[in-house]
> 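This is the structure I want to talk about, given as structure tokens.
Atoms considered below: every heavy atom in the structure, side chains included; atoms not considered: hydrogens, waters and symmetry mates.
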Amino acid sequence: MLTISDNDFNRLVHFVKSNYGIDLSKKRPLITSRLSKTIMAMGFTSFQDYVDDLLKNKRPEDLELMLNKLTTNYTYFMREESHFKFFTDRILPELISKKKNRTLSIWSAGCSSGEEPYTISMILKEYLGMKASQWDTRVLATDISQNALQAAMHAVYDETSLKEVSPAWKKKYFRPADRPGLYTVSPEIRSNVIFREFNLMNPIKFKLKFDVIFCRNVMIYFDQATKDALVNRFFQATNPGGYLLIGHSESLNKDATPYRYLEPATYRKE
């Protein structure tokens, strides 16, 4: 395994944080363990040569590879199920009762390989039933990783990803894929999700403001100042009365956030 000097470590950490908001300042062992083989496979003999090349040329494919190696995209359908219960029991009845234009604006920010936005779409379909066709419930799903987005759009998952899906939903919303043990999401659910590449460090300028923003297990990579700034951008992009749901392992600065705390990992814009 290669070693990384203080200078190269600091250069890489600064570049990643400045461009992507990800704080790797305490992840030195992770950087060396996850990048060493990749660096050598690319033909570099040292971290210095690799960091020099990465920062000078900023080739999209190299940046993508580096980010994929240094961030974990583990997820599955119905993860942190209490959020989806709150979404079904409280948020959806409230939105459905007051939305005159029959449009729900929901954002899965940091959607990874697609399990979250597809789960949201299944819940919407179940909740609305026969009335689903009368509503625009398309979910915006964004991620910084092209690899993750490609996997999400491919929409093929194994048994592990479906471990929390009920047999009834598995039968209703999934189809056997081309290999045993793999499943693909049904067309009606896939068509309800719009995937886009988006860096959460960028200004949020989508056409509509959001009724619900899911940004779960994404801000674990950010320091407090970066989180506070992102949450303020989320707030500006949220409709009055809208919700922000974050991961249960995450927390917001209660003194800094403009959202009102409701319950663990659940916030509302008053």
> Look at Glu64 together with Lys69 and state whether they make a salt bridge at an N to O cut-off of under 4.0 Å.
no
> I'd like to know if the side chain of Glu81 reaches the main chain of Met78, judged simply by a donor and an acceptor atom lying under 3.5 Å from each other, with no hydrogens or angles considered.
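Here the side-chain-to-backbone pair does not exist.
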> Are a donor atom and an acceptor atom from the side chains of Asn232 and Gln236 found within less than 3.5 Å of each other?
no
> Under a 4.0 Å N-O cut-off, is there an ion pair linking Glu126 with Lys172?
yes
> Keeping Asn10 on the side-chain end and Asp6 on the backbone end, is there a donor-acceptor pair under 3.5 Å?
yes
> Which heavy atom of Leu244 sits nearest to which heavy atom of Val231, and what is that distance?
CD2-CG1, 4.5 Å
> Taking the six-membered ring of Tyr76, is the NZ or CZ of Lys163 close enough (under 6.0 Å from the centre) and on axis enough (within 45°)?
yes
> Mind checking whether Ser105 and Lys209 have side chains closer than 4.5 Å, heavy atoms only?
no
> What verdict does the side chain to side chain contact (heavy atoms under 4.5 Å, CB included) test give for Arg196 and Leu149, after you've listed the backbone C-alpha separation in whole Å, the side-chain angles of each residue and the deciding distance to 0.1 Å?
CA-CA 8 Å; Arg196 295 286 185 270; Leu149 291 171; over 6 Å; no
> State plainly whether one hydrophobic cluster holds both Phe214 and Leu104, where clusters connect Ile, Leu, Val, Met, Phe, Trp and Tyr through side-chain heavy atoms under 4.5 angstrom apart.
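Per the 4.5 Å side-chain linkage, Phe214 and Leu104 are co-clustered.
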> Measure the acute angle between the ring planes of Phe198 and Phe206, then classify it against the limits of 30° and 60° as parallel, tilted or perpendicular.
tilted
> Is the shortest side-chain heavy-atom distance between Leu245 and Ile213 below 4.5 Å?
no
> Any luck finding a side-chain donor-acceptor pair between Asp136 and Thr103 under 3.5 Å?
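Absent: no donor and acceptor within the cut-off.
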> Before giving the answer on side chain to side chain donor-acceptor pair (under 3.5 Å), spell out for Ser5 and Asn7 the whole-Å C-alpha distance, their side-chain angles and the decisive distance to 0.1 Å.
CA-CA 5 Å; Ser5 69; Asn7 182 54; 5.2 Å; no
> Do Leu65 and Thr38 come within less than 4.5 Å of each other through their side chains, counting heavy atoms only?
yes
> Does the side chain of Asn239 reach to within under 4.5 Å of the side chain of Phe210, using non-hydrogen atoms?
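The answer is no, as the side chains (C-beta and beyond) never meet within the 4.5 Å cut-off.
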> So, does Tyr259 use its side chain to make a donor-acceptor pair with the main chain of Phe234 at under 3.5 Å?
yes
> Kindly determine whether Ile246 and Met219 satisfy side chain to side chain contact (heavy atoms under 4.5 Å, CB included), including the steps that lead there.
CA-CA 8 Å; Ile246 66 173; Met219 291 187 284; 3.5 Å; yes
> Tell me whether Ile123 is reachable from Val193 by hopping between hydrophobic residues (I, L, V, M, F, W, Y) whose side-chain heavy atoms are closer than 4.5 Å.
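In one cluster: yes.
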> Heavy atoms only: give me the nearest Met201-Arg233 pair and the separation to one decimal.
CA-NH2, 3.6 Å
> Can you tell which of Thr142, Thr238, Asp211 makes a side chain to side chain donor-acceptor pair (under 3.5 Å) with Trp107?
Thr142
> Is there a donor-acceptor pair closer than 3.5 Å between any side-chain N or O of Lys99 and the backbone N or O of Ile96?
no
> Give a yes or no on whether the backbone of Leu262 and the side-chain of Thr266 come within a donor-acceptor separation of less than 3.5 Å.
no
> Which heavy atom of Pro240 sits nearest a heavy atom of Lys98, and at what distance?
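Pro240 and Lys98 have their closest heavy atoms at O-NZ, 4.1 Å.
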> I want to check something: taking the side chain as every heavy atom from C-beta on, are Asp23 and Thr226 in contact at a cut-off of under 4.5 Å?
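No, their side chains stay 4.5 Å or more apart.
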> Start with the C-alpha distance between Thr257 and Phe235, add both sets of side-chain angles, then the distance that settles side chain to side chain contact (heavy atoms under 4.5 Å, CB included), and finish with yes or no.
CA-CA 9 Å; Thr257 179; Phe235 187 81; over 6 Å; no
> Is it true that a side-chain atom of Asn19 and a backbone atom of Phe15 form a donor plus acceptor pair closer than 3.5 Å?
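Checking the backbone N and O of Phe15 against the side chain of Asn19, a donor-acceptor pair under 3.5 Å is found.
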> Main chain of Leu54, side chain of Arg59: is a donor-acceptor contact present, judged purely on distance under 3.5 Å?
no
> One thing to verify: whether Glu94 and Arg268 come together as a salt bridge, which I'm taking to mean a side-chain N less than 4.0 angstrom from a carboxylate O.
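Answer for the salt bridge query: yes.
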> Would a single hydrophobic cluster contain both Leu230 and Tyr221, if residues Ile, Leu, Val, Met, Phe, Trp and Tyr are joined by side-chain heavy-atom contacts under 4.5 Å?
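Yes, Tyr221 and Leu230 fall within the same hydrophobic cluster.
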> Between Ser113 and Glu115, do the side chains contain an N or O donor and an N or O acceptor separated by less than 3.5 Å?
yes
> So that I know where these two stand, are Phe174 and Trp169 an aromatic pair - ring centroids less than 6.0 Å apart?
no
> For the pair Asp158 (side chain) and Ser161 (backbone), establish whether a donor and an acceptor sit closer than 3.5 Å, ignoring hydrogens and angles.
yes
> Checking side-chain polar atoms at under 3.5 Å, does Asn192 have a donor or acceptor matched by the opposite partner on Thr137?
yes
> I need the minimum non-hydrogen distance between Ala265 and Gly247, along with the two atoms involved.
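Nearest heavy atoms, Ala265 then Gly247: CB-O, 3.7 Å.
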> Is there a donor-acceptor pair under 3.5 Å between the side chain of Ser33 and the backbone N or O of Leu30?
yes
> Below 4.5 Å, heavy atoms only, C-beta onward: do Val212 and Ile91 meet side chain to side chain?
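The answer is yes; the side chains approach within 4.5 Å.
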> With no hydrogens and no angle check, is any side-chain donor or acceptor of Thr184 less than 3.5 Å from a backbone partner on Ala155?
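Here the side-chain-to-backbone pair exists.
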> So do the side chains of Ile4 and Arg28 get within less than 4.5 Å of each other, counting heavy atoms only?
yes
> Less than 4.0 angstrom from a charged side-chain N to a carboxylate O is my criterion; do Asp8 and Arg11 meet it?
yes
> Do Phe195 and Tyr118 pass the ring-ring contact (aromatic ring centres under 6.0 Å, His included) test, and can you show the C-alpha distance, the side-chain angles, and the key distance before you say yes or no?
CA-CA 11 Å; Phe195 289 102; Tyr118 288 137; 5.7 Å; yes
> Looking at every non-hydrogen atom in both residues, tell me the closest pair between Val218 and Cys215 and how far apart they are.
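Val218 and Cys215 have their closest heavy atoms at CB-SG, 3.8 Å.
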> Hydrogens and angles aside, do Glu116 and Thr75 bring a side-chain donor and acceptor to less than 3.5 Å of each other?
no
> Validate the cation-pi geometry between Lys269 and Tyr243: distance from NZ or CZ to the six-membered ring centre under 6.0 Å, angle to the ring axis within 45°.
no
> I'd like to check Arg79 versus Glu164 (side-chain heavy atoms, cut-off strictly below 4.5 Å). Are they in contact?
no
> Taking atom types as modelled, find out whether His248 and Ser82 have a side-chain donor-acceptor pair closer than 3.5 angstrom.
yes
> We want to know whether Ser145 and Asn68 form a side-chain donor-acceptor pair, criterion being a heavy-atom distance below 3.5 angstrom.
yes
> Take Ile22 and Phe222 through the side chain to side chain contact (heavy atoms under 4.5 Å, CB included) test and state the conclusion after the steps.
CA-CA 5 Å; Ile22 299 170; Phe222 301 160; 4.1 Å; yes
> May I ask whether Phe87 and Tyr173 are part of the same hydrophobic cluster, defined by side-chain heavy atoms of I, L, V, M, F, W, Y residues being less than 4.5 angstrom apart, directly or through others?
yes
> Are Ile144 and Met66 co-members of a hydrophobic cluster defined by side-chain heavy atoms under 4.5 Å apart?
yes
> Go through the steps to decide whether Tyr183 and Glu159 satisfy the test side chain to side chain donor-acceptor pair (under 3.5 Å), and finish with yes or no.
CA-CA 8 Å; Tyr183 300 85; Glu159 294 280 5; 2.8 Å; yes
> Taking the ring of Tyr157 and the ring of Phe77, is the distance between their centroids below 6.0 Å?
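Yes.
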